[in-house]
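Contents: one structure, followed by commentary.
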Amino acid sequence: MASKSVLGIVLAGGAGTRLSPLTADRAKPAVPFGGLYRLIDFALSNLANGGIRKICVLTQYKSHSLDRHISTTWRMSSLLGNYVTPVPAQQRLGPHWYTGSADAIFQSMNLINDERPDIVIVFGADHVYRMDPMQLIDHHVRHGAGVTVAAIPVPRSEASAFGIVGVGADGRTIDAFLEKPSDPPPMPGNADMSYSSMGNYVFDTDVLVDALRKDADDDSSRHDIGGNIIPNLVQNGSAHAYDFSLNEVPGATPRDAGYWRDVGSLESYFDAHMDLCAVEPIFNLYNDQWPILTSVPSLPPAKFVHEAGDRVGRAIDSLVSPGVVISGGLVRQSVLSPGVRVNSWATVERSVLLHNTKIGRHAVVRDAIIDKNVTVPEWAQVGVDKDHDRARGFVVSAGGITVVGKGQEVVP
């Protein structure tokens, strides 16, 4: 591997409509997560921790806050040629925006031509997980694949909800790449499990370039990597699978090893936050051997005040960010982003509060996601009565999570 040069490409151009209203004025990879982070920090941290430090982030929709985050947080020393750079859609090949993930890379072919890497590793920008990408690349090179798809085992009974990878008897050569199949192919040796594509790929550069050019000439294509590029490479036998469960990340605990969650919906976004809150979290942010990197705001430490009768500031099974003040309120199983304030006799349970949210006295917030700069006034309730939430114009997910959009007014 020492002689192989690698270019990282992170696909961050999706509109993220299933996360609305959190994506009403920001790109999905820029959505805050876990108090301090943005979703894109997980993909970038995995690449950087793995030693891949030439990274292009392809952006398109509502990308201002994402571009700003990358430019201010992910600055690398250029002394050794390292960089993380946002690359907006530029209409290099005509007056049209990206029509799919493959088209995004094809329209940005100058990045590959300028860098001339041996290998291109392509990651999605909206998954929560830890992964050492060099183990994926080593597997790719060792077996002589044209493309290697990172795949995670999922129960076969649930596999019809995913893009599924079918492999041959050798356990790695892909013989089928199926989108939400009704009869998912089992993993070799385990009839109860199937391989789901993670949306992370390693390509030999010449294989990728050739496949993109052929795809661009196909008017019937959706120009999607998973939907078009990979199935085409499967046909010529050059596509392999890599079992993500074999990836060993330094510092991982037995409980969070192999964790991966696609947070493309409100339900999965909320559930991933709840995974952080347990005493032994399902996903552990406290792994200092493989840190999730970001820019921490210059704010004072979190503060808990008042201890008088039932007016006690406390947080239980929760993540509390810098700048938070819990002033006589109760927080349970929740994640609080910087600048949040919870006032006296207020209750916050199983909720995600984004930056600068204010919870008034005696207010109740339960099973909710509240975006930035929202004030919940005294005695108001959010998430308690779902019909009342809908009547006030709030989104209520199928699983009963109330979502208040950025700056949205909350009336009692």
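Just so we're clear, the structure is a prediction, and the values are computed from it rather than from any experiment.
The aromatic rings of His143 and His240 sit tilted relative to each other, their planes meeting at an angle between 30° and 60°.
Under a cutoff of 6.0 Å and an axis angle of 45°, Arg130 and Phe283 form a cation-pi pair.
Side chain to side chain, Thr23 and Lys62 fail the donor-acceptor criterion of an N or O pair below 3.5 Å. Defined by atom type and a distance below 3.5 Å, a donor-acceptor pair is present between the side-chain atoms of His140 and Asp204. Of the N and O atoms on the side chains of Asp118 and Ser5, at least one donor lies less than 3.5 Å from an acceptor on the other residue. Between the side chains of Trp290 and Asp132, no donor-acceptor pair is found at a separation under 3.5 Å. Counted by atom type alone, Asn82 and Ser77 present zero donor-acceptor pairs between their side chains at under 3.5 Å. With hydrogens and angles left out, the side-chain atoms of Thr253 and Asn284 include no donor and acceptor closer than 3.5 Å. At a cut-off of 3.5 Å, with distance as the only test, a side-chain donor of His69 or Asp41 sits close to an acceptor on the other residue. For Ser265 and Ser268, the side-chain atoms include at least one donor-acceptor pair closer than 3.5 Å. Defined by atom type and a distance below 3.5 Å, a donor-acceptor pair is missing between the side-chain atoms of Asn200 and Tyr242.
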message = Let's go through Leu212 and Asp210 carefully: what are the C-alpha distance in whole Å and the side-chain angles of both, what is the deciding distance for side chain to side chain contact (heavy atoms under 4.5 Å, CB included) to 0.1 Å, and is it a yes or a no?
response = CA-CA 5 Å; Leu212 291 174; Asp210 181 64; over 6 Å; no

task = Might you work through the side-chain hydrogen bond (donor to acceptor under 3.5 Å, both in side chains) test for Asp389 and Thr402, ending with a clear yes or no?
result = CA-CA 7 Å; Asp389 290 340; Thr402 298; 2.7 Å; yes

request  = Might you work through the side-chain hydrogen bond (donor to acceptor under 3.5 Å, both in side chains) test for Asn49 and Ser45, ending with a clear yes or no?
outcome  = CA-CA 6 Å; Asn49 287 332; Ser45 295; 5.1 Å; no

request  = Go through the steps to decide whether Leu285 and Leu36 satisfy the test side chain to side chain contact (heavy atoms under 4.5 Å, CB included), and finish with yes or no.
outcome  = CA-CA 11 Å; Leu285 289 174; Leu36 296 176; over 6 Å; no

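Within the 4.5 Å cutoff, no side-chain heavy atoms of Asp224 are placed close to those of Ile229. Using a 4.5 Å cut-off on side-chain heavy atoms (C-beta onward), Ile326 and Val305 make no contact. Looking at heavy atoms from C-beta onward, Asn343 lies out of side-chain contact with Val325 at the 4.5 angstrom threshold. The side-chain heavy atoms of Ile401 and Glu267, taken from C-beta on, include a pair separated by under 4.5 Å. Contact annotation: the side chain of Ser197 never approaches that of Ile164 to less than 4.5 Å [non-hydrogen atoms, C-beta and beyond]. Side-chain contact between Ile230 and Val149 is present, with at least one heavy-atom pair separated by less than 4.5 Å. Proximity of Val10 to Ile40: side-chain heavy atoms (C-beta onward) are separated by under 4.5 Å at one or more points. Two residues are said to be in side-chain contact when any heavy atoms from C-beta on lie closer than 4.5 Å; Phe394 and Val410 meet this criterion.
Contact check on Asp183 versus Arg156 returns a salt bridge, with a Lys/Arg side-chain nitrogen under 4.0 Å from an Asp/Glu carboxylate oxygen. Between Lys214 and Asp217 no salt bridge is recorded (no basic side-chain N to carboxylate O distance below 4.0 Å). By the 4.0 Å N-to-carboxylate-O rule, Arg332 lies too far from Asp317 to be salt-bridged with it. Comment: Asp385 does not engage Arg392 in a salt bridge, judged by the lack of any side-chain N to carboxylate O separation of less than 4.0 angstrom. Between Arg255 and Glu280 no salt bridge is recorded (no basic side-chain N to carboxylate O distance below 4.0 Å).
Ring-centre distance between His273 and Phe33: below the 6.0 Å cut-off.
To the nearest 0.5 Å, the span separating CG on Leu11 from CD1 on Ile105 amounts to 5.0 Å. We find the CG-CG distance between Asp371 and Leu354 to be 5.0 Å, quoted to the nearest 0.5 Å. Here the CE-OG distance, from Met193 to Ser157, works out to 9.0 Å after rounding to the nearest 0.5 Å. From Thr85, atom OG1 reaches atom CD1 of Ile55 across 11.0 Å, with rounding to the nearest 0.5 Å. We find the CD1-NZ distance between Ile137 and Lys4 to be 11.0 Å, quoted to the nearest 0.5 Å. Rounding to the nearest 0.5 angstrom, the gap separating the OG atom in Ser221 from the CG atom in Asp219 is 9.5 Å.
Between the Ser351 side chain and the Ser334 main chain, no donor and acceptor come within less than 3.5 Å of each other.
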